[in-house]
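Single-structure report; data block below.
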There are 2 protein chains.
Amino acid sequence: MCVNCDYRDLLESAGLEPTTNRVRVLEIIGNNQFPLTAADIFTTVERSHSINRVTVYRILELLVDHKLVERLSAGGRAAHYGLAPNDNHAPHHHFFCTRCGRMDCLNPGSLDLSSDRLRKTFSGEIERIEIRVDGVCRNCLKSSVH
Amino acid sequence: MCVNCDYRDLLESAGLEPTTNRVRVLEIIGNNQFPLTAADIFTTVERSHSINRVTVYRILELLVDHKLVERLSAGGRAAHYGLAPNDNHAPHHHFFCTRCGRMDCLNPGSLDLSSDRLRKTFSGEIERIEIRVDGVCRNCLKSSVH
DNA sequence: TGTTGTATGCAAATTAGTTGCATGTCAATT
DNA sequence: AATTGACATGCAACTAATTTGCATACAACA
């Protein structure tokens, strides 16, 4: 949840028209405390304003391409989308609960990756490193005890 | 590629019947130097023996559940399957080329992750940590220069 | 011999995402 | 004002990856 982000601004400073659909999609992603699937985002927008599924996918692709949003792969099939690191959002990694299928953000700094050795020796070009912790979330652990 | 693994043995010591289909699937995964998709595995088996697509999926699920094989997520596309760490296979992470869609294994130890801080503070249960490096592989870099 | 469990096959369904093409909208150009 | 072009969106159909339901086959067991 981000009180500091002006999503219209974010779009404009990325060189994108801040259309109502784009602002809505970006707001939903930004105001949520954990990453959402395209389907989640679609139904959330739909609750208040009509929008097409395809439009959501296209907006998500645009936002990812312009690095406003990060596409995260979950253990399952659907990609999840979260706000990309920016002035108000420190980079962080994610947790995926294999029981309930929900993703969560880990505290920035709770994982420490050093990729120096790889960067020195790797012959390709590195664009991004994604770390996903899989397991069972607190809620699911609780509800399995009875 | 593993000369040291007896796949029939691996299956049996996991408590699984070493059926010909299972041995074939596991062999293909184990003999390949990079992780493969279900479709790759299916076509490879098919080249010499008839098998059903669904059987491949079911065997893969079984092998993953019994921790003989690891399911790796590749940026939203098809899952890739590689041999799980065992006596002959040090744990390692993977590279995904966003250009050609191929996965590759990174040298064990080329990435160093310390998860102590997370493990101390995280309230859920951690089962697995997957790290994927995305970028452009050497081959694709080469072929884009002309 | 009958029954039960496990492995596989086949067809159809489902899920997640993509493509092609039509329409609307707005701004710049004639 | 009419014309053009660039986007943004919508709709229908499509594809890819996987899953489900149900049938069969075979082996072990009662």
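Naming convention: chains lettered A, B, ... in sequence-line order (proteins, then strands); numbering from 1 in each chain.
Taking the six-membered ring where the residue is Trp, B/H80 and B/F96 present perpendicular rings, their angle passing 60° and hence far from 30°.
Once you apply a 4.0 Å limit to the heavy atoms of chain B, the touched nucleotides of DNA chain D run 5' to 3' over D/dA17 to D/dG21.
For the OP1/OP2 pair of C/dA7 and a distance below 4.0 Å, the side-chain nitrogens and oxygens of B/R58 include no atom meeting the criterion. Residue A/T37 places none of its side-chain N or O atoms closer than 4.0 Å to OP1 or OP2 of C/dA16. The side chain of B/T19 contributes no N or O atom lying less than 4.0 Å from OP1 or OP2 of C/dA7.
To the nearest angstrom, C1' of C/dC10 lies 14 Å from CD1 of B/I51. In this structure, B/L60 places its CG atom 12 Å from P of C/dT8, rounding to the nearest Å. Rounded to a whole Å, the CZ atom of A/F42 is 13 Å from the C1' atom of C/dG17. Distance, B/H49 NE2 to C/dT8 C1': 16 Å, rounded to whole Å. If you take CG of A/N52 and P of C/dT19, they are 16 Å apart, rounded to a whole angstrom. To the nearest angstrom, P of C/dT14 lies 13 Å from CZ of A/R77. A straight line from CG of A/L62 to P of C/dG17 spans 17 Å, rounded to a whole angstrom. What separates CZ of B/R24 from P of C/dT8 is a distance of 10 Å, to the nearest Å.
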Inset, instruction - Test A/E70 against A/H89 for side chain to side chain contact (heavy atoms under 4.5 Å, CB included), laying out the working first. - result: CA-CA 12 Å; A/E70 252 187 341; A/H89 293 274; over 6 Å; no
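Using a 4.0 Å heavy-atom criterion, one finds that B/A79 contacts the sugar-phosphate atoms exclusively.
To the nearest 0.5 Å, atom CG of residue B/L11 and atom OG of residue B/S13 are 8.0 Å apart. For the atom pair CZ (A/R138) and SG (A/C97), the distance works out to 12.0 Å, reported to the nearest 0.5 Å.
One cannot find a donor-acceptor pair under 3.5 Å joining the base of C/dG9 and the side-chain atoms of B/R53.
For A/D9, the CG atom is densely surrounded, since the number of other residues' heavy atoms within 6.0 Å is greater than 12. The neighbour count for B/R128 CZ, taken as heavy atoms of other residues, nucleotides or ligands under 6.0 Å away, is above 12.
Salt-bridge formation is detected for the pair B/D134/B/R132: a Lys NZ or Arg NE/NH1/NH2 atom is positioned less than 4.0 Å from an Asp or Glu carboxylate oxygen.
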